[in-house]
Each structure stands twice: as structure tokens, then as C-alpha cells.
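A quick write-up on the structure given underneath.
What you see is a predicted model; the values in this text were computed from it and never measured.
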Amino acid sequence: MQVRPLEVGELEAAWQLGRLAFGSAPTPAPSALTPLVGLTRYGAFDSAGRLLGKAVDLHHEQWWAGRRVTAADVAGVAVAAEARGRGVARALLRTLLADARERGAAISALYPTVTGPYRSCGWEVAGAQRAVELPTIALPAHRPAPELTVRAGGAADLPAVADLYERVARHRGGLLTRKDVYAPEPSTGLPNGIDGLTLVEQDGQLVGYAAWARGPGYDRHAVFTVEDVFATTAAAARELVGFLAGWRSVTPTVRLWPLAHDAVAAQLPLEHVRVREERIWMHRPVDVTRAVADRGWRTGVRGRVDFALTDADAPWNSGFWRLEVDGGEAHLHRIPDEPALSLDVRGFALLYTGAADAYAVAEAGLLRAGGGADPGPLDLLGSGPRAEAIDYF
């Protein structure tokens, strides 16, 4: 089996393989058959040159406590029906990880259709992207604040919108930097799928926004979809929730993808929330030294812990390590002697993302403590923010 980046003439076959795997539309989008900047498409071929499987490395960046961390986010993994169960996906993912390391990637995330194959390759479930719905009538009405201005936005406001998203996202963990989402070049319109952009300003500065799609109809089936809603102050969040409440006469349902415990969530009647859709996402390190050194760490955290790490599919991560955290910085150093604590790469992912503490990781069989050692010190690896995901890819 040979795994390599796909050539232009092979993109149609790769799209066809993905169409059959995912049941997508019978006609490809032009982008599916065109080389694109910011991603690498891989194919696995047999000795006769037949395409057996494909995968995509998305050259993303993620925010981790104030720093941009280079990511190799994975999408579009598909294997021909006749080739399944023969190690095709593993071969694709191993090559993808090795090449991603060469280009400087530190971490990787993906949305799985099934978890087993990805767990066997070192990814672990770290959270879920949730689309939720609320009855519009349940949203609290709000008396406009005199110090705030609410207005419709346009293409000229997209740079300010991108800046506000960054202010909200950068101190969290796992959120995409969205480096190419909000018109990296001059634009004359709103992003595809967005009908309106509502801005909240204070003293001429943007403090909140909602990007939304009206949706069809005005009966009991009508849904007002809020693709983005972020605020940097409680007052701005109240204005935005009040704006959403103003649609109650024609759209009985509001759908959105909320962050946990942000300014907007603090204003929502969460007792009325119902989950519309939930997509679990998985995480793993590409290069553990970069994953630790490149992210931000809490300035009040200081400590050291030694551990062994096992990573069969990215063997450069395996070995004996010392983690040192101090003053908002952290580093991994190789050590000569085997430590008492031994961590599977999936356990590393759980700790790094804050999805579980060391005791839970040990109970899951992903952390072993020799000689009765306390696994608790490995909580140092998870001392950053709990990771979240709101963008599907």
C-alpha cells in the first residue's frame, strides 16, 4: 500500500469514494476537484494504483490560553467498501501525522463517524459540539441600554467582527482561530449562508455581534438560526438576547451553538434548552513537545511531573518525559530513567484538553501508576482551560 498526497487528476475519484462513504450529493462542488491552499488531501493506493482510501489534513490553528497552536485537523476519511478492515485508515492517518509533524503541527482534532478506529490510532473523545434550540418566547425581553448602539452590519464590519471573535476565543482552549473565515481579503458581502449581521457597539467599539440566517416560513416550524453570537460584556449579551427575543412573532424557535459559560450563555434561560444535534470530537497530540510548549498555561500554576508516554502511531512521542510548568510556560524534556507513571497517548489527550483528571484517566486504563504511585500529579498536564469546539469541519 502506498499513501501519498493526491494529484489533481485523482481528486474526482477521491470525491466519488467520499460520496459513497458519506451519502453526499451526486454532483461535486467545484472546490472538491480543485487544489486548495490550507489543506492536504491524501490517498492510499494498492499495487495496481487503485484508490483504496482518502483523508484530508486541514491546516488549522487553534486557540489555547492566548496562543495560536498549529493543528492538523482531520476530515473526509473514507475507505472503499472492499478494502475495509485491512489497515487502510491507519496507514492514511500515520502518514498524515508524520507529514503534519514535518510542517510544524502540534495537535489534531476530528469529528468521527465512529470512535473505535480513531481510538486505536491515538485520538480520544474530548467533548461535543452542540446545536441547541430554545423557544423564542422564553428569551427574556430587554429594555435597550442607552450607552449601547444596535445596528445592522455589512461587509465593511467583518474585520471588527473577526477581532471580537478573537477576543472571546483566544483565552479558551480548542477553538479555531478562523484565520480564513471572515473575509481575509476585501469582500462585498457577508459570508455564505448568513442573512444578517447584528452589531452592538459602545462608544464606537464593537462589544457584541450575532450572525444569523432567517430560515423559511413564519409558522410553528420556522427556525431562526444563529451561526455566531458573542459578546465581551454582560450588557452587550443582554442586547443580543433581546434582539433574538424580538423574532418571537414569526420564528418560534431559535437555534444556536453556544460556548460554555460565556457572556451570552449567562443570559439564556438554560432550563428551556433542548439539544438539537450533538457531534462528539476527538483530540490527540501530533508532537507532544510542541503541544506543551506552544500553548498558553496559567501563570499561577507551577510544578513538575515525570511520566512515560506510549504512542504507537506517532512513535516520536513515545518515551520518558519530564513536564515542567512555571510562569505561564511549559516544556517537556526527555529523561533517562523510567518513571512510575505511564500514560497512553489517549490519556494524554484527555488530560491536555481538560476532559478528565488523572484519577479518571487511570480508571479508564490509560494511565498506570507503578509501585502505588499517586496519579494525581499528572493533573498538571490539564491545568489549562477546558477545551471546546463550535466549528464543524
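Judged as a ring pair (Phe, Tyr, Trp, His ring centres under 6.0 Å), not a single pair has a partner in residues 137-158 (not counting sequence neighbours).
Shown here are the side-chain contact (heavy atoms from CB on, under 4.5 Å) partners of Pro135, two or more places apart in sequence or in another chain: Ile137, Ala138, His272, Arg274. Residues satisfying the side-chain contact (heavy atoms from CB on, under 4.5 Å) criterion with Ala98, sequence neighbours excluded, are Trp316. The side-chain contact (heavy atoms from CB on, under 4.5 Å) test applied to Val56 returns Leu39, Arg41, Leu58, not counting sequence neighbours. Under the salt bridge (charged side-chain N to carboxylate O under 4.0 Å, His left out) criterion, Glu277 pairs with Arg279, sequence neighbours left out. Taking the side-chain contact (heavy atoms from CB on, under 4.5 Å) definition, one finds that Arg4 meets it with Gln2, Glu7, Glu10, Phe45, sequence neighbours left out.
Hydrophobic clustering (ILVMFWY, side-chain heavy atoms < 4.5 Å, transitive): Leu6 and Leu92 are in distinct clusters.
Lys54 places a side-chain N or O within donor-acceptor distance of the main-chain N or O of Gly76, the cut-off being under 3.5 Å. Remark: the backbone N or O of Gln62 is not paired with any side-chain donor or acceptor of Thr177 at under 3.5 angstrom. In this structure, the side chain of Arg248 engages the main chain of Leu139 through a donor-acceptor pair within 3.5 Å.
Relative to the six-membered ring of Trp297, Arg295 meets both conditions, a distance below 6.0 Å and an angle of at most 45° to the axis.
Taking 4.0 Å as the cut-off between side-chain N and carboxylate O, Asp163 and Arg167 count as a salt-bridged pair. A salt bridge is defined here as a Lys NZ or Arg NE, NH1 or NH2 lying under 4.0 Å from an Asp or Glu carboxylate O, and Asp311 with Arg284 meets this definition. Look at Glu12 and Arg19 and you find no salt bridge, because none of the NZ, NE, NH1 or NH2 atoms lies under 4.0 Å from a carboxylate O. Look at Glu329 and Arg302 and you find no salt bridge, because none of the NZ, NE, NH1 or NH2 atoms lies under 4.0 Å from a carboxylate O. Residues Arg290 and Asp294 are not paired through a salt bridge, judged by the lack of any N-O separation under 4.0 Å between the basic side chain and the carboxylate. Salt bridge Asp306/Arg322: present, at least one basic N to carboxylate O contact under 4.0 Å.
If you check the side chains of Ser108 and His283, you find no donor sitting under 3.5 Å from an acceptor. If you check the side chains of Tyr359 and Asp379, you find no donor sitting under 3.5 Å from an acceptor. Inspection of the Gln129 and Asp391 side chains reveals no N or O donor paired with an N or O acceptor under 3.5 Å. Between the side chains of Tyr165 and Asp228, no donor N or O sits under 3.5 Å from an acceptor N or O. Thr225 and Trp212 share no side-chain donor-acceptor pair at under 3.5 Å.
Ring geometry, Phe348 versus Phe307: the interplanar angle falls from 30° to 60°, so the pair is classed tilted. Taking the six-membered ring where tryptophan is involved, the planes of Tyr352 and Trp64 are tilted, since the angle between them lies from 30° to 60°.
When every heavy atom of Asp287 is checked against every heavy atom of Asn317, the shortest pair comes out as CA-OD1, 3.5 Å. For the residue pair Phe393 and Val74, the shortest heavy atom distance occurs at CE1-O, 3.8 Å. Shown here for Arg346 and Trp123, the closest heavy-atom pair between the two residues is CG-O, 3.6 Å. Between Ala126 and Ala355 the shortest heavy-atom distance is O-CB, 3.7 Å. Gly154 approaches Leu197 most closely through the heavy-atom pair O-CD2, 4.0 Å.
Aromatic pair Trp281/Tyr111: ring centres not closer than 6.0 Å.
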Report task. Assess whether side chain to side chain contact (heavy atoms under 4.5 Å, CB included) is satisfied between Asp313 and Arg90, documenting all intermediate values. Result -> CA-CA 8 Å; Asp313 294 285; Arg90 182 181 295 276; 2.8 Å; yes
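Separating the CG atom in Leu206 from the CG atom in Asp157 is a distance of 7.5 Å, to the nearest 0.5 Å.
At a threshold of 4.5 Å between non-hydrogen side-chain atoms, the residues Leu110 and Tyr118 count as touching.
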